[in-house]
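Chain identifiers are assigned alphabetically (A, B, ...) following the order of the sequence lines, protein sequences preceding nucleic acid strands; residue numbering begins at 1 within each chain.
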Amino acid sequence: MFSFKRVVYTGRVIVPQCASLSVNNFSACQFLPSPKRHSPYSSVDSERYSSLVKSVMSSKVSSQTPETLKAEDEHIFGPVVREQTPSSEPKTFHPFLQHKDTLETGGDSRGPPVRIPLNRGQGGASVPSVTRILQQTLSPDQIFYLDRWKRRMIEKLGEEGFEQYSQALFRQGKLFHSAVEDALTSGGALKRKKEYTPEVRGYLESISHTLEDMSEVKAIESAVQHQKLNYIGIADCVARYRGVLCVIDWKTSEKPKPFLSNTFDNPIQVAAYAGALNSDANYKYQVENGLIVVAYKDGSPAHAHRLKSELMLEYWNTWLTRLEYYNEKR
DNA sequence: GGATCCTTCTTCTTCTTC
C-alpha cells in the first residue's frame, strides 16, 4: 500500500511540469508505483515542499474550500464588501410558545387527523414560505458546497442526466410522503409490502419501527401560518412520538444521517413550523418538540432525531435570524 | 386551462497508520 510518507518520498511536486498538471492528473500520478530504491527524487528536500504536498493532497479533486476561495478572491480583487450575514442571535424576540394555557396536552381529542389546506387567499403570494426563506438565506458555505456538488454531478451525469436524477429524488420523496400519509390516516398500520410501489417499499420498511412509536396523529400535511412574523408552511405531521407531542418531518436520504448535524437546515424548518403552529388559531394546542425521521431506500432502520424543547428554542432563534435576514434582503 | 405556490432533494474532506 502507499503510505503518506511514500507519497512524499515519490514527491511528484518537485517536477516542474507537474505544476502545470491539473489536480486530477496530479492525483492520478501519485498512485504510480513508487520505486523503493534509487529514486530520482530521493535527494528532494521534502520538508521544504511538505506544505505544498499537503495542500495538493488535501483533496482528491480540488483543494478549494470556501476559505481558500475567499482568500484567493481577496488577494485578486481586494477585500469584499459583504452583505450582512445572519448573526447567531435575532435582533427582536418573538415567543416560540403563545398561550400557555393550551400548552402541551393538546386536549383529549382523538378524532381523525386534520388536514388544513394552504389558503393563500388573503395574504396572497406575498407571504413567503419556510422553504423559500431557508433556500434564500443559505450561508455562503452552504452555497459553495451545494454548487460544487451540482457541478460534480453534472460532470458525471451530464446536464440531462442530472435533471433526471434530481427529478427522481423528488419523485421518491413525494411518493414516500403520500405513502406515510396513507399509513397514518389508516391508524398507523402499514399495508402489505406488495401494495406499495417498489420505489417506496424500502423507505416504508425503514420507518416501520418509528411508526410503532407514534400515536394520536393530530395533523397531516397541514398548513401553518404565523400572522405576526408573516410566513407560511406545510407541516408534514403532528403526532405523539413515544408519548411526546411533536411536529414531525419525514425525509428520504441517499446517505446515512445518523446525527442531527447531518440534517443541515431540517431542524430549523421543524422549529419554524412549530412556532407558526403555536401562533395559529387553527390549532388549539401548542407543540414544544420536534422529530426528524430520515428514511433509507434499502430499508435499513430510519434515524429518528428528537428535538426536545430546549433545542427547539435554539433552532427557533436561528430561524428568527434567517427570517430577519430574508426580510432585510428583500 | 394556465400559472404559481409548497414541497419533494442536494452540502459537511481531513488525516497519514496498519
Side-chain angles (χ1 to χ4, degrees), chain A residues 1-10 23 27 30 46 50-51 53-69 115-121 123-136 138-154 156-157 161-181 199-200 203 220-225 231-237 249-267 269-270 272-273 276 292-297:
Chain A
M1 295 304 290
F2 304 102
S3 70
F4 180 65
K5 274 179 189 159
R6 194 171 294 163
V7 173
V8 174
Y9 166 73
T10 56
V23 176
S27 66
Q30 75 180 272
S46 59
S50 65
S51 68
V53 173
K54 229 177 188 176
S55 78
V56 177
M57 296 298 297
S58 65
S59 166
K60 284 178 189 166
V61 180
S62 164
S63 58
Q64 287 177 324
T65 65
E67 287 69 35
T68 62
L69 281 182
R115 185 192 305 260
I116 298 170
L118 190 60
N119 179 15
R120 277 193 168 279
S126 65
V127 182
S129 70
V130 171
T131 45
R132 169 185 285 262
I133 293 160
L134 288 176
Q135 191 60 238
Q136 306 219 341
L138 291 170
S139 71
D141 280 13
Q142 282 178 300
I143 293 169
F144 170 84
Y145 286 117
L146 284 166
D147 278 351
R148 189 180 68 167
W149 169 81
K150 191 178 171 185
R151 247 186 359 254
R152 288 177 178 177
M153 290 301 279
I154 290 175
K156 223 195 297 182
L157 306 172
F162 176 70
E163 190 54 35
Q164 285 172 1
Y165 168 76
S166 306
Q167 292 305 319
L169 281 185
F170 286 154
R171 191 177 59 243
Q172 277 178 7
K174 285 175 183 174
L175 286 171
F176 168 66
H177 272 75
S178 53
V180 176
E181 239 181 275
E199 272 178 303
V200 297
Y203 290 121
I220 287 177
E221 288 285 321
S222 220
V224 293
Q225 174 153 16
Y231 69 87
I232 56 162
I234 298 175
D236 277 352
C237 180
D249 212 39
W250 310 100
K251 299 286 177 195
T252 58
S253 178
E254 305 249 287
K255 285 187 195 171
K257 292 181 174 166
F259 305 109
L260 184 65
S261 58
N262 299 132
T263 65
F264 299 99
D265 287 346
N266 294 166
Q269 189 185 7
V270 171
Y273 291 149
I292 297 164
V293 182
V294 187
Y296 305 109
K297 192 172 195 171

*Determine whether E254(A) and L169(A) make a side-chain contact, defined as any pair of heavy atoms from C-beta on separated by less than 4.5 Å.*
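Yes, their side chains come closer than 4.5 Å.
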
Interatomic distance, [X] [atom1] vs [N] [atom2] [rounded to whole Å]:
X	N	atom1	atom2	value
Q142(A)	dC9(B)	CD	P	16 Å
Q167(A)	dC9(B)	CD	P	13 Å
Q164(A)	dT8(B)	CD	P	23 Å
Q172(A)	dT7(B)	CD	C1'	16 Å
E181(A)	dT8(B)	CD	C1'	12 Å
E221(A)	dT7(B)	CD	P	9 Å
D249(A)	dT8(B)	CG	C1'	11 Å
K255(A)	dT13(B)	NZ	P	9 Å

*Which residues satisfy the salt bridge (charged side-chain N to carboxylate O under 4.0 Å, His left out) test with E221(A), sequence neighbours excluded?*
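Testing E221(A) for salt bridge (charged side-chain N to carboxylate O under 4.0 Å, His left out), a comparison that skips the adjacent residues, returns none.
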
Closest to the [X] side chain, choosing from [options]:
X	options	value
S129(A)	dT7(B), dC9(B), dT11(B)	dT7(B)
L146(A)	dC9(B), dT10(B), dC12(B)	dT10(B)
K174(A)	dT10(B), dT8(B), dC9(B)	dT8(B)
S253(A)	dT11(B), dT10(B), dC9(B)	dT10(B)

Report the residues that fulfil side-chain contact (heavy atoms from CB on, under 4.5 Å) with [X], sequence neighbours left out, ordered by chain and then residue number.
X	value
Y296(A)	S206(A), S253(A), P256(A), K257(A), V294(A), D298(A), S300(A), H303(A)
S222(A)	V114(A), I116(A), A219(A), Y283(A)
E199(A)	R171(A), Q172(A), L175(A), T197(A)
F170(A)	none

*So which of residues 259-267 of chain A are in contact with DNA chain B, with a heavy-atom cut-off of under 4.0 Å?*
S261(A), N262(A), F264(A)

Is [X] close enough to [N] that one of its side-chain N or O atoms is under 4.0 Å from OP1 or OP2 there?
X	N	value
K150(A)	dT11(B)	no
R152(A)	dT11(B)	no
S166(A)	dC9(B)	no
Y203(A)	dT8(B)	no

*From D265(A) atom CG to S139(A) atom OG, the distance as rounded to the nearest 0.5 Å*: 8.0 Å

*Identify, between K257(A) and I232(A), the residue whose nearest nucleotide on DNA chain B lies closer to the 5' end.*
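First, find each residue's nearest nucleotide; the 5'-ward one identifies I232(A).
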
_Under 4.0 Å, counting only non-hydrogen atoms across every strand here, what does R171(A) touch: a base, just sugar-phosphate, or nothing?_
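No contact.
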
*Have a look at F162(A) and say if it touches a base, only the backbone sugar-phosphate, or nothing, with a 4.0 Å heavy-atom cut-off.*
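If one applies the 4.0 Å heavy-atom cut-off, F162(A) turns out to touch nothing in the nucleic acid.
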
*Would you call the rings of F162(A) and W149(A) parallel, tilted or perpendicular, where under 30° means parallel and over 60° means perpendicular?*
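Ring orientation, 0 to 90° scale: perpendicular.
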
*Ring-on-base stacking dT11(B) with W149(A) (under 5.5 Å, under 30°)*: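 Taking the rule of under 5.5 Å and under 30°, the ring of W149(A) does not stack on dT11(B).
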
